[in-house]
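Following: one structure in structure tokens, then a few remarks.
Chain letters run A, B, ... following the sequence lines, proteins first and then strands; every chain starts at 1.
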Amino acid sequence: MSTYVTTPIYYVNAMPHLGHAYTTIVTDTYSRFRRLCGDDVRFQTGTDEHGEKIAEAAAKDGISPREYVDKISARFQATWPTLSVAQDYTIRTTDKDHVKTVQDILQQVYDNGDIYFSEYSGHYCQGCERFLTEKELVDGKCPDHQVAPKQISEQNYFFRMSKYQDWLVEHIKANPEYITPERYRNEVLSFLSEPLEDLCISRPTSRLTWGIPLPFDDKFVTYVWFDALINYLTGIGYPNGPDFEKYWSVAEHVIAKDILKPHAIYWPTMIKAMGLPPYKRLHVHGYWNVDETKMSKSIGNVIRPHDLIDAYGVDTVRYFVLREMSFGLDSSFSTEAIIARQNSDLANDLGNLFSRSLTMIVKYADGKVPAPDQDQISESDRELMLALEKMLVTYEQQMQQFNFHKALQAVWEVIGLLNRYIVTNAPWELAKDETQAKRLNNVLYSLAEALRIITLVLRPIMPDAAEKMAVALGLGEALQKATLPEAGKWGGSEVGTAISSPKQLFPRMEKKKEQPKQAQPEQSKKGKKKKEQQITEDGLVTFDQFGKFELRVAEITAADTIPKADRLLKLTVLAPEKRTIVAGIAEHYSPEELIGKQVIIVANLKPAKLRGVLSQGMVLAAKEKLEDGTEKLVLSTVAGSIAPGSRVA
RNA sequence: GGCGAUGUAGCUCAGCUGGUUAGAGCGCACGGCUCAUAUCCGUGGUGUCCGGGGUUCAAGUCCCUGCAUCGCCA
């Protein structure tokens with residue numbers, strides 16, 4: 001059997017966050033699971049690097065798109081090893097072979113008549129990179145970006161997606177596992193109950209050059225999906241690569257729910273138009289919330305994988321996300337939740353079980369796996385064997401269905417049983433009585449054996465911890481090659497194998513409310529760094545020095561744009577005297593919305609002329625640099641209304 | 001507005017085709033053990049199974065309806 005599993009290619013306009021990490025950990029876990037089952041596995045991830053947003057972000061940074069995508073793509077690729085993710089191939093949409101394959105496919109579909117040229121006009125939102133319908137607009141603005149879209153009339157190429165709608169509906173209905181979990185399958189079928197529109201697949205080079213040129217019209221480049229989705233083919237050598245057929249016939253995609261439509265509708269119809277068989281399964285997962293709220297850049301609660309690894313370690317992070325989230329549903333991330341899992345599941349249940357078992361083998365059996373005695377098999381031994389057998393069946397089924405939390409539940413039931421087994425058999429009592437030596441050996445053997453199997457099934461989930469366990473159990477390299485069908489059977493432990501005293505697998509963690517190492521917005525991290533630098537360079541200011549700054553509350557009474565200055569606004573304020581202040585906030589605030597606002601100004605700043613206007617002071621504002629290269633600016637103000645001119649200190 | 005999902009113990013959730021006193025983990029309380037990472041084991045729940053109505057000998061489980069939350073679509 002072979003397995004081909006992919007993550008989406010991640011759009012490089014943002015740094016990796018918990019969502020990216022989750023998708024990738026899931027895919028990695030599944031690929032390791034299939035390997036454990038003995039499959040020939042191909043696991044692919046990658047980055048999506050074309051498009052307007054990339055070109056803009058690069059321009060803002062003053063570098064070429066190529067330099068920009070190299071930089072961000074490298075950040076993604078550097079993240080995966082830290083999460084113990086071991087992909088076989090990392091594709092980039094800017095790879096030469098990918099570009100060529102995309103063009104070949106476009107030409108082929110075009111030649112078959114499934115791509116046509118047409119004109120249309122509409123409201124184009126730059127943030128969304130798409131045309132919005134009349135009804136989507138709120139107060140004439142894009143609801144997501146709060147910007148009025150541009151009215152654009154454009155000629156473009158379209159993919160005849162509608163032609164394959166009936167086929168797709170039939171295919172989804174005939175294959176219940178094509179899209180899972182079921183809720184997303186239903187969503188897609190519901191969407192397909194309405195007539196499908198054709199898909200716009202190009203952008204004129206007059207507007208965008210950072211893309212793959214259409215082979216049949218060099219005045220256009222490919223628009224996102226035709227470029228991006230094809231990565232799943234190019235990564236395995238489409239069309240003539242030696243392994244293409246083998247892997248494509250078993251292709252499985254893992255995605256988050258935000259890109260369901262492209263993967264469940266655009267992609268199958270594209271594949272059909274190319275004359276290829278459809279992919280096998282599509283696995284859709286939900287979002288991670290942070291403490292009940294959405295993770296978002298503007299709130300500043302974005303969780304970064306490296307912060308999590310620093311604070312908890314990679315095994316705990318992997319275990320946590322896989323155990324906590326019901327695949328398909330949204331889940332919440334919180335410091336409390338991950339620490340609870342770490343302490344109760346990993347440290348107390350698994351870690352302690354491992355520790356006490358190995359210690360006893362070292363103490364009571366000279367550190368070697370003792371020989372079991374068939375005549376001394378007790379009821380509890382039998383129960384344990386049966387439980388492990390049952391666990392393996394459940395584990396395999398649930399892992400195959402992407403129900404990782406259920407698979408782990410099954411494993412932890414056995415861990416619980418083992419802790420009870422130890423109490424029931426009390427090896428420390430058996431050790432005191434020489435006539436019980438055989439019984440003792442059986443118990444110790446059972447423990448070694450059960451832990452060996454647990455180590456095996458935990459490998460896909462926590463590769464590093466499983467490796468440590470394997471080493472302590474004296475399993476060595478045999479386990480690396482072990483597959484579930486054989487190594488899962490009871491009795492695989494070799495008598496006489498040397499067991500070493502265990503090191504602590506998982507430490508317990510303090511349940512502090514504030515974890516200093518816990519994921520924090522990058523903003524504050526940078527701030528901390530700066531602060532440290534200032535301390536070392538003695539950049540501290542004294543109270544007296546600070547007192548020289550005269551900060552006051554000012555009320556804005558008028559605001560005007562300044563000709564030929566697109567960043568500046570001329571403000572008239574009361575502080576309490578009337579002043580004119582020039583502020584570089586025009587990109588973030590419109591004059592109208594400023595009237596009446598109370599802001600904080602530096603009142604004794606040396607006046608300066610800006611664009612011919614004398615500025616008597618300076619307005620304070622907080623600025624945040626967002627991952628996509630844009631900036632967010634918010635004026636500083638007071639928490640309640642106060643008389644203009646009040647001193648701030 | 002249309003379609004769909006969800007609503008079960010303090011928290012997170014299991015409960016398939018209706019059938020004895022509705023479950024698990026976490027947390028909490030008490031007791032026990034000592035091999036172990038102050039870990040482990042045992043005991044402890046009078047839960048309006050969202051509200052209302054209905055079908056049935058019997059409903060958390062089916063039907064209708066209302067409310068709440070969420071998703072997709074328009």
- Task: Quickly work out the A/Met509 CE to B/rU37 P distance and round it to whole Å.
- Result: 19 Å
- Message: Test salt bridge (Lys or Arg N to Asp or Glu O under 4.0 Å) on A/Lys432 and A/Glu429; report intermediate values, then the result.
- Response: CA-CA 5 Å; A/Lys432 290 175 191 163; A/Glu429 293 295 334; 3.6 Å; yes
- Task: Could you tell me the separation between the CG atom of A/Leu447 and the C1' atom of B/rC35, rounded to a whole number of Å?
- Result: 10 Å
- May I ask you to say what A/Leu505 touches in the nucleic acid, namely base, sugar-phosphate or nothing, with a heavy-atom cut-off under 4.0 Å? base
- Against the side chain of A/Trp428, the closest entry in B/rA36, B/rU37, B/rC33 is B/rC33
- Paired to B/rG71 by Watson-Crick or G-U wobble criteria (both distances under 3.5 Å) is B/rC3
- Note on the structure: The Watson-Crick or G-U wobble partner of B/rC26, with both key distances under 3.5 Å, is B/rG10
- Query: How far does the P atom of B/rG1 sit from the matching atom of B/rG10, given to the nearest Å?
  - Reply: 34 Å
- Task: Describe the nucleic acid contact of A/Glu187 in one word from base, sugar-phosphate, nothing, applying a heavy-atom distance below 4.0 Å.
- Result: sugar-phosphate
- Message: Quick check on RNA chain B: between A/Arg183 and A/Phe354, whose nearest nucleotide comes earlier from the 5' end?
- Response: A/Arg183
- Query: Are any of the side-chain heavy atoms of A/Gln397 and A/Asn403 separated by less than 4.5 Å?
  - Reply: no
- Atom NZ of A/Lys294 to atom P of B/rG71: distance rounded to whole Å? 7 Å
- Minimum-distance nucleotide to A/Arg508 side chain [options: B/rC73, B/rU34, B/rU37]: B/rU37
- Message: Starting the side chain at C-beta, find the nucleotide from B/rC26, B/rG42, B/rU34 nearest to A/Ser344.
- Response: B/rC26
- Message: Can you see whether A/Tyr223 engages A/Asn156 through a side-chain donor-acceptor pair at a distance of less than 3.5 angstrom?
- Response: no
- Can the ring centres of A/Tyr232 and A/His263 be said to be less than 6.0 Å apart? yes
- With rounding to whole Å, what would you report as the distance between B/rA24 and B/rA9 at their P atoms? 14 Å
- Note on the structure: Pairing partner of B/rC40, by Watson-Crick or G-U wobble and under 3.5 Å for both distances, is B/rG32
- Name the pairing partner of B/rU61, where a pair is Watson-Crick or G-U wobble with both distances under 3.5 Å, or state none. none
- Message: Side-chain N or O of A/Lys257 versus OP1/OP2 of B/rC72: is the shortest distance under 4.0 Å?
- Response: no
- Between A/Arg420 and A/Ser355, name the one whose nearest nucleotide on RNA chain B is closer to the 5' end. A/Ser355
- Message: B/rA36, OP1 or OP2 - any side-chain N/O from A/Lys363 closer than 4.0 Å?
- Response: yes
- Message: Contact between A/Leu282 and A/Thr180 at the side-chain level, heavy atoms closer than 4.5 Å - yes or no?
- Response: no
- Task: Using both distances under 3.5 Å as the test, list the Watson-Crick or G-U wobble partner of B/rU20, or none.
- Result: none
- Message: Strictly below 4.0 Å: does A/Asn186 bring a side-chain N or O up to OP1 or OP2 of B/rC3?
- Response: no
- Could you work out which one of B/rU37, B/rA36, B/rC73 sits closest to the side chain of A/Lys261? B/rC73
- Could you tell me the separation between the CG atom of A/Asn419 and the P atom of B/rG25, rounded to a whole number of Å? 13 Å
- For atom C1', what is the distance between B/rC63 and B/rG18, given to the nearest Å? 13 Å
- Item | Length of the line joining A/Leu440:CG and B/rC35:C1', which is rounded to integer Å | 11 Å
- Pairing partner (Watson-Crick or G-U wobble, both distances under 3.5 angstrom) of B/rG47: none
- Checking all strands, does A/Gln342 fall into the base, sugar-phosphate, or nothing category for heavy-atom contacts under 4.0 angstrom? nothing
- Look at the side chain of A/Asn352 and decide which nucleotide, out of B/rU39, B/rC33, B/rC41, has an atom nearest to it. B/rU39
- Message: Work out how far the P atom of B/rU56 is from that of B/rG23, and round it to whole angstrom.
- Response: 29 Å
- Message: Can you check the distance between B/rC64 and B/rG44, where both ends of the measurement are the P atom (answer in whole Å)?
- Response: 41 Å
- Can you check the A/Glu182 CD to B/rA5 C1' distance for me, whole Å? 11 Å
- Message: Suppose you measure atom C1' in B/rU12 against the same atom in B/rG47; what distance do you get, rounded to whole Å?
- Response: 16 Å
- Which of A/Asp48, A/Asp258, A/Ile255, A/Leu229 passes side-chain contact (heavy atoms from CB on, under 4.5 Å) with A/Pro8? It is A/Ile255
- The side-chain contact (heavy atoms from CB on, under 4.5 Å) partner of A/Asp28 among A/Ile461, A/Val5, A/Val85, A/Thr23 is A/Val85
- Task: Rounded off to whole Å, could you give me the CG-to-C1' distance for the A/Asp345 and B/rU39 pair?
- Result: 14 Å
- Please work out if A/Asp349 contacts a base, only the sugar-phosphate, or nothing of the nucleic acid, heavy-atom cut-off 4.0 Å. sugar-phosphate
- Integer angstrom distance from the C1' of B/rA29 to that of B/rU34: 22 Å
- Query: If we take the C1' atom in both B/rC41 and B/rA36, what is their distance in whole Å?
  - Reply: 13 Å
- Nucleotide B/rG27, atom C1' - distance to CD of A/Glu336 in whole Å: 13 Å
- Message: By the definition ring pair (Phe, Tyr, Trp, His ring centres under 6.0 Å), identify the one residue from A/Phe320, A/Trp288, A/Tyr287 that meets it with A/Tyr22.
- Response: A/Trp288
- From the list B/rC40, B/rC35, B/rC73, which nucleotide is the closest neighbour of the side chain of A/Phe191? B/rC73
